[in-house]
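Have a look at the structure below before the remarks.
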Amino acid sequence: QKLKALYNGKRGPTESLKEILLVSCPETILDSLRDRLDKMEEIFCSKMIPNGHDRFQYAEALYYRLLESIIKSEMKTHGRFDLFIDDDVFNQALIVLCLEIVLFAFSLHKELTALLDCFKLEPFHFYKLIEVAIRNNKDYFTNDIIKHLKAIEEQCLDSLTWTTGSVLWDKIKEHRGKLPTNQEVDLPQSQASSQNGSSQNGGSPSSQPSQSPKSLRLFFRKYYQLAH
């Protein structure tokens, strides 16, 4: 019910999100976010669900809600959010995640690969947003939604990121073709405790998914945790 209540027929960010963005970002940021949403809505309605504008609008409302919560968390932890706010990969991944949640909530769920393929989004970039979204928005997600999100996170880590042509292989090549060991990616106990609950514990949006040198280490940390 809370998910459905997010969309009241009025499109666009909340006033509180507008205020945060306009204080810290160029005035063009709202248009940039809007243009990206419009393009993705057109793709969604042409390739995934014909005349699916109403479902996309629910996803859009959720996107703005998640974006605001992530920004507030990043400001509290890092004191900034400019490294990701207009990053295409981050925003596309967040919008796709919101679509996945809405489709699941309305019993319109399709295979995750169909949604990722629709927007040409790499699973390697997508999985990182799942834990961030759950951590910052548990009050909006039912237990079934959280269970579903954790299941697709495992699907990304266990199989989807390992397919031929995945960006993961490029990241491994940059690591001299070697897989990082469990010891290389594991946090010392004291550091792990201090980061528990912070946005770095599952990957921070401030470390852009498309550029961060830490992305391979973060991936294998989650992968080894899943294996155990």
Side-chain angles (χ1 to χ4, degrees), residues 3-4 6-7 10-14 17-18 20-21 25 28-74 81-106 108-137 140-141 145-146 148-149 152-153 155-156 160 167 199 202-211:
L3 187 60
K4 293 180 180 179
L6 275 175
Y7 178 58
K10 182 181 179 181
R11 303 188 68 169
T14 61
L17 179 56
K18 283 183 184 178
I20 293 170
L21 292 175
C25 304
T28 55
I29 187 61
L30 294 176
D31 289 336
S32 178
L33 298 181
R34 177 75 264 160
D35 288 347
R36 185 180 293 107
L37 282 162
D38 287 345
K39 290 174 183 176
M40 292 184 71
E41 180 176 5
E42 183 177 346
I43 293 171
F44 177 75
C45 293
S46 64
K47 294 186 177 181
M48 286 293 294
I49 299 181
N51 300 316
H53 298 282
D54 57 338
R55 295 297 176 251
F56 190 92
Q57 288 165 20
Y58 277 103
E60 178 184 315
L62 180 60
Y63 161 74
Y64 282 126
R65 170 67 172 80
L66 299 193
L67 183 61
E68 183 172 353
S69 67
I70 291 171
I71 287 173
K72 289 178 178 177
S73 175
E74 287 295 299
F81 61 89
D82 56 299
L83 294 179
F84 68 88
I85 186 59
D86 202 26
D87 179 68
D88 267 337
V89 173
F90 166 79
N91 281 283
Q92 287 172 6
L94 187 58
I95 294 167
V96 170
L97 178 62
C98 292
L99 284 167
E100 174 68 22
I101 292 169
V102 168
L103 292 179
F104 177 78
F106 284 94
L108 295 170
H109 179 246
K110 299 176 181 291
E111 287 295 323
L112 175 62
T113 50
L115 201 52
L116 296 177
D117 289 346
C118 177
F119 294 104
K120 296 180 173 60
L121 181 65
E122 287 275 355
F124 183 82
H125 298 321
F126 174 75
Y127 87 92
K128 212 196 262 191
L129 272 295
I130 297 174
E131 184 177 337
V132 175
I134 293 175
R135 183 169 57 245
N136 290 300
N137 297 274
Y140 269 91
F141 299 152
I145 289 177
I146 291 175
H148 175 67
L149 291 178
I152 62 175
E153 180 186 46
Q155 185 184 4
C156 286
L160 297 184
V167 70
S199 57
S204 165
S206 290
S207 300
Q208 297 179 43
S210 55
Q211 299 176 12

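Below, each value reflects all heavy atoms present in this structure, side chains not excepted, and no hydrogens, waters or symmetry copies. Here the structure is a predicted model, which means the values were calculated and not measured. Sequential numbering from 1 along the given sequence is applied to the chain's residues.
Under a 3.5 Å cut-off, the side chain of Asn91 and the backbone N or O of Ile85 do form a donor-acceptor pair. For the pair Glu153 (side chain) and Ile130 (backbone), a donor-acceptor distance under 3.5 Å is absent.
A distance of 11.0 Å separates CD in Gln92 from NZ in Lys120, rounded to the nearest 0.5 Å. Separating the CE atom in Met40 from the CD1 atom in Ile95 is a distance of 4.5 Å, to the nearest 0.5 Å. Phe56 CZ to Arg11 CZ: the interatomic distance, rounded to the nearest 0.5 Å, is 7.0 Å. Remark: Ile152 CD1 to Leu112 CG distance equals 5.5 Å, nearest 0.5 Å. Rounded to the nearest 0.5 Å, atoms CG (Leu94) and CG (Asp87) are 11.5 Å apart. To the nearest 0.5 Å, atoms CD (Gln155) and OH (Tyr127) are separated by 15.0 Å.
Using cut-offs of 30° and 60° on the angle between ring planes, the pair Phe106 and Tyr58 is tilted.
Looking at heavy atoms from C-beta onward, Phe126 lies out of side-chain contact with Leu115 at the 4.5 angstrom threshold. Under the 4.5 Å side-chain criterion, counting only non-hydrogen atoms from C-beta, Val96 is in contact with Leu116. The side-chain heavy atoms of Asn136 and Lys72, taken from C-beta on, include no pair separated by under 4.5 Å. The shortest side-chain heavy-atom distance between Tyr63 and Leu99 does not fall under the 4.5 Å cut-off.
Looking at residues two or more places apart in sequence or on another chain, you find a side chain to side chain donor-acceptor pair (under 3.5 Å) between Thr14 and Ser16, Glu68. By the side chain to side chain donor-acceptor pair (under 3.5 Å) test, Asp88 is found to be paired with Arg36, residues two or more places apart in sequence or in another chain being considered.
Summarising the geometry of Cys98 relative to Ala59, their closest heavy-atom pair is CB-O, 3.5 Å, with the distance given to 0.1 Å. Taking all atoms of both residues into account, the shortest heavy-atom contact from Val132 to Lys128 is CG2-O, 3.6 Å. For the pair Ala93 and His125, the tightest heavy-atom approach, listed with the atom from each and the gap, is CB-O, 4.0 Å. For the pair Leu97 and Leu129, the tightest heavy-atom approach, listed with the atom from each and the gap, is CD2-O, 3.7 Å. Minimum heavy-atom separation, Val102 to Arg55: CG1-O, 3.7 Å. Nearest heavy-atom pair, Cys118 versus Met48, reported as atom, atom and distance to 0.1 Å: SG-CG, 3.5 Å.
By the 4.0 Å N-to-carboxylate-O rule, Lys39 lies too far from Asp35 to be salt-bridged with it.
Among residues at least two apart or in separate chains, side-chain hydrogen bond (donor to acceptor under 3.5 Å, both in side chains) pairs with a member in residues 42-54 are Glu41-His53.
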Q | Stepwise side chain to side chain contact (heavy atoms under 4.5 Å, CB included) check, Leu21 with Leu33 | A | CA-CA 11 Å; Leu21 292 175; Leu33 298 181; 3.8 Å; yes

